[in-house]
Amino acid sequence: MISVNHQRRIKSFVIRSGRMTNSQKRAYVDLWDEYGLVCDHQCIDVESAFGRKASLVLEIGFGMGDSLVEQAINESERDFLGIEVHKAGVGRLMNEAKKAGISNLRVICEDAVQVLTEGIKPQSLHGVQIYFPDPWQKIRHFKRRLIQPYFLDLLAHRVELNGYCHCATDWAPYAEWMLTAFAKVGTWNNTSDNGGFVPRPDRRPVTKFESRGEKLGHQVFDLVFKRCLSDQHL
């Protein structure tokens, strides 16, 4: 198990006391047994949770969950596990998943780094997707950015050989930061021909957040990296 030292436990998120709608509250309570999983410092039995063995994709910070629900519908042959610390988004995702009759989606409402460290088995993920993480724009907050070399190293221990990590951001300085962070970790190969960004893969839905940003003239940057070394080389 990879240890996460004090410096690395700086949180990349802030839990704000946002308002949950009545529908989100009901879904969070009534649908948790169907869609919710708890890590709580224990390894998660993913196959038992989904009732089958399938390639597993993890999304970190799914927001309100629209794109993750869409992906689960479009890729029924895969299982999707979403991690989000904001309960309003968790409630909404479970509500939409139930309406759509989705069975290949589960959610965890805990710190993603802690879940990856203690709850996910080595090389058990087919892929990881991190769409529009908080860019923490002020220099003094750069240490809070999720995409850091140590975090990418942790992901490499959890993603299978030839699996992937797909990130997207509309903040150009953060996009360059991501490229630099990946370059510092020898376990990921950039799938871009020029070592930079890639066009948005068809499997990533366009989010409402992204559409609003594009209307404001924001460019979106997609990065897709492939896991290139086995655990024995880590």
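When a residue number appears, it is its place in the shown sequence, counting from 1.
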(Q) Using a 3.5 Å distance criterion without hydrogens, assess whether the side chain of Glu84 forms a donor-acceptor pair with backbone atoms of His86. (A) yes
Q: Check whether NZ of the Lys or CZ of the Arg Arg144 lies under 6.0 Å from the centre of the six-membered ring of Trp136 and within 45 degrees of that ring's axis.
A: yes
**Q.** Pair Trp188-Cys165, side-chain contact (heavy atoms from CB on, under 4.5 Å): steps then yes or no
**A.** CA-CA 9 Å; Trp188 296 100; Cys165 181; 3.8 Å; yes
(Q) Run the side-chain contact (heavy atoms from CB on, under 4.5 Å) test on Val198 and Thr191 for me, step by step, so that the C-alpha distance in whole Å, both residues' side-chain angles and the decisive distance to 0.1 Å come before the verdict. (A) CA-CA 8 Å; Val198 299; Thr191 63; 3.9 Å; yes
Q) Can any side-chain N or O of Asp170 pair as donor or acceptor with the backbone N or O of Val220 at less than 3.5 Å? A) no
Q. So, Arg92 side chain and Gly65 main chain: donor-acceptor pair closer than 3.5 Å or not?
A. no
Q) Counting N and O atoms only, with roles assigned by atom type, does the side chain of Tyr35 sit under 3.5 Å from a partner on the main chain of Leu93, one being a donor and the other an acceptor? A) no
Side-chain donor-acceptor pairs of residues 175-183 under 3.5 Å, sequence neighbours excluded:
unit_1, atom_1, unit_2, atom_2, d
Trp177, NE1, Ile147, O, 2.7
Thr180, OG1, Glu176, O, 3.1

Q.
Quick one, Phe151 and Leu146 - any side-chain contact, counting heavy atoms below 4.5 Å?
A. yes
Q | Criterion side-chain contact (heavy atoms from CB on, under 4.5 Å) on Val185 and Leu155, from CA distance to verdict | A | CA-CA 11 Å; Val185 182; Leu155 289 185; over 6 Å; no
Q. In terms of hydrophobic clusters joined by side-chain contacts under 4.5 Å, are Val90 and Val38 together?
A. yes
**Q.** Whether Asn104 side chain and Ala72 backbone form a donor-acceptor pair below 3.5 Å
**A.** yes
Q: Could you check Ser192 against Asn190 for side-chain hydrogen bond (donor to acceptor under 3.5 Å, both in side chains), going step by step and ending with a plain yes or no?
A: CA-CA 5 Å; Ser192 170; Asn190 195 336; 4.6 Å; no
Q | Separation between OH of Tyr174 and CZ of Phe132, rounded to the nearest 0.5 Å | A | 12.5 Å
Q) Is there a side-chain contact between Glu118 and Gln42, using heavy atoms and a 4.5 Å cut-off? A) no
Q) Does Ile139 CD1 have over 12 foreign heavy atoms under 6.0 Å away? A) no
Q. Measuring from Lys87:NZ to Lys25:NZ, what's the distance to the nearest 0.5 Å?
A. 11.0 Å
Q: Evaluate the side-chain proximity of Glu59 to Ser67: yes if any heavy-atom separation is below 4.5 Å, no if none is.
A: yes
Q: Give a yes or no on this: more than 12 heavy atoms of other residues, nucleotides or ligands lie within 6.0 Å of atom CG of Asp202.
A: no
Q. Are Leu56 and His126 close enough that some pair of their side-chain heavy atoms sits under 4.5 Å apart?
A. no
Q) Closest heavy-atom contact between Trp171 and Pro135? A) CD1-CB, 3.7 Å
**Q.** Transitive ILVMFWY side-chain link Phe197 to Val206, under 4.5 Å
**A.** no
Q: Can you measure from CG (Leu105) to OG (Ser76) and round to the nearest 0.5 angstrom?
A: 13.0 Å
Q: Work out which heavy atom in Gly91 is nearest to a heavy atom in Ala27; give both atom names and the distance.
A: O-CB, 3.3 Å
Q. Shortest non-hydrogen contact from Asn189 to Cys228?
A. ND2-CB, 3.4 Å
Q) Should Gln114 and Glu110 be marked as a side-chain hydrogen bond (donor to acceptor under 3.5 Å, both in side chains) after you check the CA-CA gap, both sets of side-chain angles, and the distance that decides it? A) CA-CA 8 Å; Gln114 200 70 47; Glu110 299 178 46; over 6 Å; no
Q. Could you go step by step and tell me if Asn95 and Ser23 meet the side-chain hydrogen bond (donor to acceptor under 3.5 Å, both in side chains) rule?
A. CA-CA 8 Å; Asn95 207 18; Ser23 176; 2.7 Å; yes
(Q) Within 45 degrees of the ring normal and closer than 6.0 Å to the centroid, is that where the cationic atom of Arg145 sits relative to Phe142? (A) yes
Q | Check against side-chain contact (heavy atoms from CB on, under 4.5 Å), Tyr28 and Cys109 | A | CA-CA 10 Å; Tyr28 194 91; Cys109 190; 3.8 Å; yes
Q) Going from CG on Leu116 to CD1 on Ile83, what distance comes out if it is rounded to the nearest 0.5 angstrom? A) 5.5 Å
Q) Hey, does Leu37 have a side-chain heavy atom less than 4.5 Å from the side chain of Leu81? A) yes
Q) Residues in salt bridge (charged side-chain N to carboxylate O under 4.0 Å, His left out) with Glu160, at least two apart? A) none
Q) For Arg78 and Ser55, which heavy atoms make the closest approach, and how far apart are they? A) CG-OG, 3.0 Å
Q) Honestly, is Arg106 close enough over Phe80, meaning NZ or CZ under 6.0 Å from the six-membered ring centre and within 45° of the axis? A) no
Q. Is a side-chain donor or acceptor of Ser124 paired with a backbone partner of Ile120 at a separation under 3.5 angstrom?
A. no
Q.
Once rounded to the nearest 0.5 Å, what's the spacing between atom CD of Gln219 and atom OG1 of Thr169?
A. 11.0 Å
Q. Salt bridge or not for Asp79 and Arg52, using N-O below 4.0 Å?
A. yes
**Q.** Under-4.0 Å salt bridge between Glu210 and Arg204
**A.** yes
Q: Give the minimum heavy-atom separation between Val107 and Trp32, together with the two atoms involved.
A: O-CH2, 4.0 Å
**Q.** Spacing of CE belonging to Met94 relative to NZ belonging to Lys99, to within rounding of 0.5 Å
**A.** 13.0 Å
Q: Let me see the working for His166 and Tyr131 under ring-ring contact (aromatic ring centres under 6.0 Å, His included), right down to the final yes or no.
A: CA-CA 8 Å; His166 180 189; Tyr131 301 150; 5.0 Å; yes
Q: Please answer: with hydrophobic residues joined when any side-chain heavy atoms are less than 4.5 Å apart, are Ile60 and Met64 in the same cluster?
A: no
Q) In the single-linkage hydrophobic clustering (I, L, V, M, F, W, Y; side-chain heavy atoms under 4.5 Å), do Leu58 and Leu154 co-cluster? A) yes
Q: Over all heavy atoms of both residues, which pair between Val128 and Ile130 is shortest? Give the atoms and the distance, please.
A: CG1-CG1, 4.0 Å
Q) What do the steps show when you test Gln71 against Gln129 for side-chain hydrogen bond (donor to acceptor under 3.5 Å, both in side chains), and what is the final call? A) CA-CA 11 Å; Gln71 280 189 280; Gln129 49 197 44; 2.6 Å; yes
(Q) Can you confirm whether Asp45 is buried at CG, in the sense that more than 12 heavy atoms of other residues, nucleotides or ligands lie under 6.0 Å from that atom? (A) yes
